2 protein chains.
Amino acid sequence: MNIGDIAKATGISAKMIRYYEETGLIRPATRTLSGYRVYSDNDLQTLRFVRRARDLGFTVKQIDDLLTLWRDRTRASASVKEIALGHVAALEKKMQELKEMSDTLLHLASHCHGDTRPDCPILTTLGSTEAVAPLPRTRDRRKTRAFDRVR
Amino acid sequence: MNIGDIAKATGISAKMIRYYEETGLIRPATRTLSGYRVYSDNDLQTLRFVRRARDLGFTVKQIDDLLTLWRDRTRASASVKEIALGHVAALEKKMQELKEMSDTLLHLASHCHGDTRPDCPILTTLGSTEAVAPLPRTRDRRKTRAFDRVR
DNA sequence: CTGCGCCTTCCCATCGTTGGAAGGTCAAGC
DNA sequence: GCTTGACCTTCCAACGATGGGAAGGCGCAG
């Protein structure tokens, strides 16, 4: 398989495959006499792994760690789970941040006429001296952490 | 006010203020004879606006658009609302993506012992040929769009 | 005048990804 | 055998927003 074939098969662009090789995430492919990269079914499997981890939002560094664990038959499953749940926590933190932005914006937008009139509380608030939309405190609805929910 | 003062006052680093000037987001500051940037209360207000928009997750390009509308006293509030709700939609899309990643990972993790044993369904699934964790279809719980909820 | 803290510009790095340019290779069709 | 087009190679640059640091100038207090 040439790089184009494996790119199609994994959904990772040829550019990225070369990049992953360059940065050490994957092992350098063997080459033909003329310098073309050649890939085996084993490489295909590895790159599929990478693709899926990437789809789950892992960084390249984390994928590197996961690959190492993947290849190590003596790993403890706890190590893997720790990475996974740590990542879940990061994802949830990010979601929380986005939610706060979104809520604030929706709140501002709900007070905006949205017609041809120029007055707009969204802009007014952004330009004012006070802090933007302090959200009304709801009752202590504490977030459960990934660790608690799963283990 | 020198750049350090306004940086403290807005919470934007001096580096970023220079960057915003360089890229045209804000107008070039006036200078002292010796080349120091000098800022007015007006600049302070603008930069506070920028800061808040940034905190709401707008890109620099979007902030640029918002600033233009902010300065234009004849704008239609509909234009502002459109940008805001468009951004809400983007935020919600992102949240949805993160949620899917998170759910998938939690699902995988819930099947992992997380002890010293090496077998781990997280890695096994990532390395397998099939797609990762097709989520169980729930009843048609269609997402309401920002536009519908607010207007 | 010295010293310290601020300011200036300039370049580099990050992270994951895409784009393009310039050139070599391969296989099919004539 | 030669042309053509699709592929491959490397190298360089850019994105977006930010931080780090170097080298040198400025301002003010002691």
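Every chain is numbered from 1 and lettered A, B, ... according to where its sequence line falls, protein lines coming before strand lines. These numbers come from a predicted model, not from an experiment.
- Taking NZ from B:K81 and OG from A:S110, the interatomic distance works out to 7.5 Å, rounded to the nearest 0.5 Å.
- Of the side-chain N and O atoms in B:R37, none sit less than 4.0 angstrom from OP1 or OP2 of D:dC26.
- Near DNA chain D, meaning a heavy atom under 4.0 Å away, the residues from residues 15-26 of chain B are B:K15, B:M16, B:Y19, B:Y20.
- Phosphate contact (OP1/OP2 of D:dT18, side-chain N/O of B:S13, threshold under 4.0 Å): absent.
- Atom C1' of nucleotide D:dC8 and atom CD1 of A:I6 are separated by 15 Å, given to the nearest angstrom.
- The shortest side-chain heavy-atom distance between A:L126 and B:L56 falls under the 4.5 Å cut-off.
- Using modelled atom types, one finds a donor on one side chain and an acceptor on the other under 3.5 Å when comparing A:D43 with A:S40.
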Distances under 3.5 Å only, N/O to N/O: pair up the protein atoms with those of nucleotides 26-29 of chain C.
residue	atom	partner	partner atom	Å
C:dC26	OP1	A:S34	OG	2.7

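- Remark: C1' of C:dT25 and CD1 of A:I3 are 15 Å apart, rounded to the nearest angstrom.
- Tested against B:K61, the residues B:D65, B:D64, B:T59 include a single side-chain hydrogen bond (donor to acceptor under 3.5 Å, both in side chains) partner, B:D65.
- We find that NZ of A:K8 is positioned 13 Å from C1' of D:dC8, with the value rounded to whole Å.
- Between A:W70 and A:Q45 the shortest side-chain heavy-atom distance falls below 4.5 Å.
- Within the model, atoms CG of A:L47 and CD of A:E21 stand 10.0 Å from one another, a figure rounded to the nearest 0.5 Å.
- In summary, of the residues considered (A:K94, A:E100, A:K93), a side-chain hydrogen bond (donor to acceptor under 3.5 Å, both in side chains) with A:Q96 occurs for A:E100 alone.
- Look at CE on A:M1: it is 12 Å from P on D:dC8, rounded to the nearest Å.
- Annotation: the span from B:R75 atom CZ to A:D119 atom CG amounts to 8.0 Å, rounded to 0.5 Å.
- A close approach under 4.0 Å does not occur between any side-chain nitrogen or oxygen of B:R31 and OP1 or OP2 of C:dC7.
- Contact of the B:S128 side chain with the A:R52 side chain is registered, since non-hydrogen atoms from C-beta on lie closer than 4.5 Å.
- Rounded to whole Å, the distance from CG on A:N2 to P on C:dT25 is 14 Å.
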